[in-house]
Amino acid sequence: MTSKGQQVIRQWYRQKNWQQFPFQQEMETTYLSGYSGLLNAPTGSGKTFALFLPFLADFINKHPDTYTTQKNNGLLMLWITPLRALTNDIRKAMQEACDEIGLPWNIATRTGDTPAAEKAALKRKLPEVLLTTPESLHLMLAQKEYPKLFNQLQVVVIDEWHELLGTKRGVQVELGLSKLKNLTPALSFGEGVEKQEEKIPLPFGKGWGGVRIWGISATIGNLEQAAEVLLGNDFPPERIKMVRANLDKKLDIRSIIPDNVENYSWAGHIGLKLLPEVMEIVARSKTTLIFTNTRSQSEIWYHAILDNYPEYAGIMAMHHGSLDNELRNWVEQALHAEALKLVVCTSSLDLGVDFRPVDTVVQVGSPKGVARFMQRAGRSGHHPGAVSRAYFVPTHSLELLEGAALKAAIKRGIFESRDPMLLTMDVLIQYMVTLAVSDGFRADELFKEVKSTYAFADITRNEFGQLLDFITSGGKTLAQYDEFLKVEVENGLYKVNSRRVAMRHRLSIGTITSELSIRVKWLSGGSLGTIEESFVSKLKPGNTFWFAGRSLEFIRVKEMTAYVKKSNSTKGIIPSWNGGRMPLSSQLAAVFRDKLDEVAHGIEKDEEVIALKPLFDLQQQLSHLPQSHEFLIESFKSREGHHLLFYPFEGRLVHEGMASLLAYRISKIKPASFSIAMNDYGFELLTDEDIPIEQALEDASFFSIDNLLDDIQHSLNANEMARRRFRDIAHIGGLVFTGYPGQQVKNKHLQASTSLLFEVFSEYEPDNLLVRQAYNEALAFQLEEFRLRAALQRIATQNIILKVIERPTPFAFPIMVDSLGRERLTTETLEERIAKMARSYGAEGVAADDKRRNRKPGIVRKKGF
DNA sequence: GACCTGCTGCGGTTTG
């Protein structure tokens, strides 16, 4: 028998003439039976309604006759998304559904144009459904009497959970949920459910009740774990269900293969040489997104298209994280309205509003991971039944093999995992103060709640005690500074009494820290976006630079704003920004090695491999093509010195660590100083003396993981890495105040104060939890210690093939070009040297990509003037 | 403070 609620929503669904997917029914049954869990569904599959409609049905079931007049006197559903921009669209869709079904409900977003107005509105009257972000949830927990807000709560939905999992924002969500679970009293529900026997008591509250928690996630490698993390350690596994939308999304992936791979760039990362081929695809398509890996690459591509295809002026736009929000919103709306044929962007368009008109996606350069590529491909053909069409554009020859690897990985269903963060004490400190700011907390109760989260399952009472000390007395070290005495204890209740401390804390809730940036504004007013201080410092008044796709003349800097006016010059430098340096994911790297093994075995079924044959033949002829049981090292002498090249194909971060490690181990045999270069495929050690590599290889400990941590400590400046990590940790943990909005504390001061804190802690309190965390984070994220270990263990089982080579091989070339740049030569010399290297080699076109981008007016990439 | 190629994401305006 179908319940009243189900009847109502199904009828509504039919009216809309929407197609109903099988998983939506499964979701409905599961939800109405009272389970919590994870919904695994791709974007554009109607996943929002798959959860929202059963929730409505549940409510209607409770008020079958009066639901059309039934308002509720409190918050029933909390919907959390990582992207503020998503809340408005979802709100609209939900409101429309409620209106049409006849529920007199109010669907609201917490974040919006006027936070103050919204906050006031929330206080007056709670909406039935609230859409918000993890940060806003914590802001709510920082309000007096916050439990009142949640005492009617029935379900919390965490949308795009895969985006949050693996980040400190994810830990924030875990902590927030641990609180909500314990706030919501028993509820009765489930009247008229189809299968009564499936009704199960919920773990929180008494009897048939408690809050349900549902995550929505795209496909990742560790979905089961994602559900565990979301629900916490105290959630009985039998009450968790996974609902999978087995939708076969049609994907059409193609690599763009250069006409002559031998003459294609062997090195480089811009990929402009394939611009004509890309533009042919753009011309054939209705709307195309071109994804680039960096913001400056977006600017370069945009500029190059404007230069070479002026007819695109007006129907092309750019989108990346340093552009002004207004501009970005405009681009998104224009995409929606089918007013644009082409948008050049970075991952700022990975998520977001649905762009139906987009039918083609182009990825320039390595997407670095299978899941990211899938996500981007999915931006095209974004409606049920449509085909997602994506092209991969290699920026240098060898990268083309990644195209084959991507296709293979997708076919085999290999996706990256998102590893949840553990024991992030900075986030916990912030959360403790958050609770102290509102109603206060009791240590034992909070400890129990916190320990129920996945992130803090292993926290000890002693560690928790240290954190309590820290927020009340500044811990061992900072006790004499009033500034760190935030929380007071009254009869066992930890509470913030100072209004000033409370306000400052509310201002700094969140786990995202960012570089201080300089706003770019027209002299006439109007903002374009932001660039970094270091870039501005290179500019002199009158200089031209390209930003937001325009030629700008720099006038002056005043109060963190760079004023510009329009320039007619077609030449100008393009800013670069400091950002993350993502390595190739271990999954994609593994499939890449598989492909290489196929190549070494002469298997030529992929078009990419066939195209690359001349390159691989040359590699074989000059050196060797390693099979999966072999590890290739190339040794070679030049004027610069003695080069050693290693090819673990394990991503650049691992290579960086391994290079330092091996350099250190070699230097124990013979003291030498090395210079290091690396890319995602391998690394180079360069020294001006002979390297006793044979001797090093004879020793079984060369690639060993014994003494790994010790050797890493000796070979890398671990202190420096941890110090840099500590900067963010200190921000999140509230050790430094970044200033009131609009009047940020100067970066230099912050730098100095976090650095000082790090030193003080290291000296006087070596067991400090935040310092320990800084080292752990450096090890896990900067060095990818886990992967490094695995790579060393793999190499230890492989046959080492040491080849003495005459000239750089196709494998070596891109790494060595990287090292040329690193030596801070002028671009001209770099270009000459690349050309020389290429000539000495008989490969004419080798450096063409770099040449082109240096010669083209307007895409000059000289450093300085 | 270091990177030189290097992503994304959220908050919040008043007190000492």
Side-chain angles (χ1 to χ4, degrees), chain A residues 80-87 110-111 114-116 119 132-139 142 160 163-164 167-170 172 267-271 291-300 319-322 345-352 365-369 372 375-376 395 430 482-483 498-515 532-535 538 574-583 652-653 679-680 717 720-721 723-724 727 732 737-744 747-748 750-752 754-755 818 821-824 827 850 853 861 863-864:
Chain A
I80 299 195
T81 84
L83 223 64
R84 189 174 55 179
L86 289 176
T87 55
R110 168 70 199 275
T111 46
T114 55
K119 215 187 288 176
T132 186
T133 58
E135 287 79 7
S136 290
L137 169 60
H138 278 247
L139 279 167
E160 313 277 7
E163 282 292 322
L164 296 165
T167 70
K168 289 186 181 178
R169 297 182 83 196
Q172 225 177 354
H269 60 272
I270 301 294
F291 280 100
T292 64
N293 282 338
T294 71
R295 286 164 276 185
S296 74
Q297 197 179 5
S298 277
E299 298 268 354
I300 292 166
H319 197 282
H320 63 67
S322 288
C345 60
T346 63
S347 32
S348 55
L349 281 188
D350 267 0
L351 285 179
S366 167
K368 309 275 182 185
R372 181 176 295 105
Q375 176 77 40
R376 292 184 175 176
T395 57
Q430 188 187 91
D482 293 353
E483 201 168 344
S498 154
R499 281 191 62 196
R500 179 164 176 265
V501 169
M503 189 200 64
R504 280 184 165 215
H505 181 75
R506 284 199 200 96
L507 279 173
S508 50
I509 282 180
T511 61
I512 299 171
T513 55
S514 46
E515 297 285 329
E532 285 182 6
E533 222 173 354
S534 56
F535 178 76
K538 287 184 212 155
I574 289 179
S576 71
W577 290 263
N578 279 329
R581 288 190 289 166
M582 274 173 313
R652 59 175 303 130
L653 294 181
N679 66 10
D680 274 323
N717 196 345
E720 197 45 51
M721 287 165 75
R723 181 196 304 272
R724 242 171 284 154
R727 183 175 157 263
I732 297 168
F737 182 59
T738 47
Y740 291 102
Q743 35 178 308
Q744 270 114 358
N747 226 21
K748 270 183 199 148
L750 285 180
Q751 192 85 30
T754 57
S755 206
D818 192 57
R822 183 200 46 192
E823 284 167 26
R824 291 160 196 258
T827 21
D850 293 79
R853 76 173 209 259
R861 302 257 311 143
K863 314 249 175 202

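Reminder, nothing fancy here: chain letters follow the sequence lines and each chain counts from 1. These figures come from a predicted structure and were not determined experimentally.
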Please confirm whether the shortest side-chain N or O distance from [X] to OP1 or OP2 of [N] is below 4.0 Å.
X: Thr167(A); N: dG9(B); answer: no
X: Ser576(A); N: dG6(B); answer: yes
X: Ser136(A); N: dG11(B); answer: yes
X: Arg499(A); N: dT15(B); answer: yes

Proximal nucleotide (of [options]) relative to the [X] side chain:
X: Ser755(A); options: dC3(B), dG1(B), dT5(B); answer: dG1(B)
X: Arg295(A); options: dC10(B), dC3(B), dT8(B); answer: dT8(B)
X: Ser296(A); options: dG11(B), dT5(B), dC7(B); answer: dT5(B)
X: Thr346(A); options: dC7(B), dG11(B), dC10(B); answer: dC7(B)
X: Arg581(A); options: dG9(B), dT5(B), dC3(B); answer: dC3(B)
X: Ser514(A); options: dT5(B), dC10(B), dG6(B); answer: dC10(B)
X: Thr294(A); options: dA2(B), dG11(B), dG6(B); answer: dG6(B)
X: Glu720(A); options: dG1(B), dT5(B), dT13(B); answer: dG1(B)
X: Ser347(A); options: dC10(B), dT15(B), dC7(B); answer: dC7(B)

What is the distance from [atom1] of [X] to [atom2] of [N], rounded to the nearest Å?
X: Phe291(A); N: dG6(B); atom1: CZ; atom2: C1'; result: 17 Å
X: Arg372(A); N: dG6(B); atom1: CZ; atom2: P; result: 16 Å
X: Arg169(A); N: dC10(B); atom1: CZ; atom2: P; result: 6 Å
X: Asn578(A); N: dT8(B); atom1: CG; atom2: C1'; result: 15 Å
X: Arg724(A); N: dC3(B); atom1: CZ; atom2: P; result: 6 Å
X: Arg723(A); N: dA2(B); atom1: CZ; atom2: P; result: 9 Å
X: Arg506(A); N: dT15(B); atom1: CZ; atom2: P; result: 11 Å
X: His320(A); N: dG6(B); atom1: NE2; atom2: P; result: 12 Å

### Task
Just label dT8(B) as syn or anti from its O4'-C1'-N9-C4 or O4'-C1'-N1-C2 angle, using within 90° of 0 for syn.
anti
#### Entry: Under 3.5 Å donor-acceptor, Gln430(A) side chain and Gly510(A) backbone
yes
## Note on the structure
Residue set satisfying salt bridge (Lys or Arg N to Asp or Glu O under 4.0 Å) with Glu532(A), at least two apart, ordered chain then number -> none
#### Entry: Residues in salt bridge (Lys or Arg N to Asp or Glu O under 4.0 Å) contact with Arg376(A), at least two apart in sequence or another chain
Asp350(A)
### Query
Between dG6(B) and dA2(B), how far is it from one C1' atom to the other, in whole Å?
14 Å
### Query
If you measure from the P atom in dG11(B) to the same atom in dC7(B), how many Å do you get, rounded?
22 Å
### Query
Would you say the side chain of Ile512(A) lies within less than 4.5 Å of the side chain of Glu135(A), judging by non-hydrogen atoms?
yes
### 5' precedence on DNA chain B between Gly580(A) and Arg500(A) (nearest-nucleotide basis)
Gly580(A)
### Query
Any idea which heavy atoms bring Leu507(A) and Phe737(A) closest together, and the distance?
CD1-CZ, 4.1 Å
### Message
Once hydrogens and angles are ignored, does a donor-acceptor distance under 3.5 Å link the base of dG16(B) to the side chain of Arg504(A)?
### Response
no
### Task
Mind running side-chain contact (heavy atoms from CB on, under 4.5 Å) on Lys368(A) and Asp680(A) for me, showing each step along the way?
CA-CA 9 Å; Lys368(A) 309 275 182 185; Asp680(A) 274 323; 2.6 Å; yes
### Query
Are a donor atom and an acceptor atom from the side chains of Glu299(A) and His320(A) found within less than 3.5 Å of each other?
yes
### Query
What does Leu164(A) touch in the nucleic acid at a heavy-atom separation under 4.0 angstrom: a base, only the sugar-phosphate, or nothing?
nothing
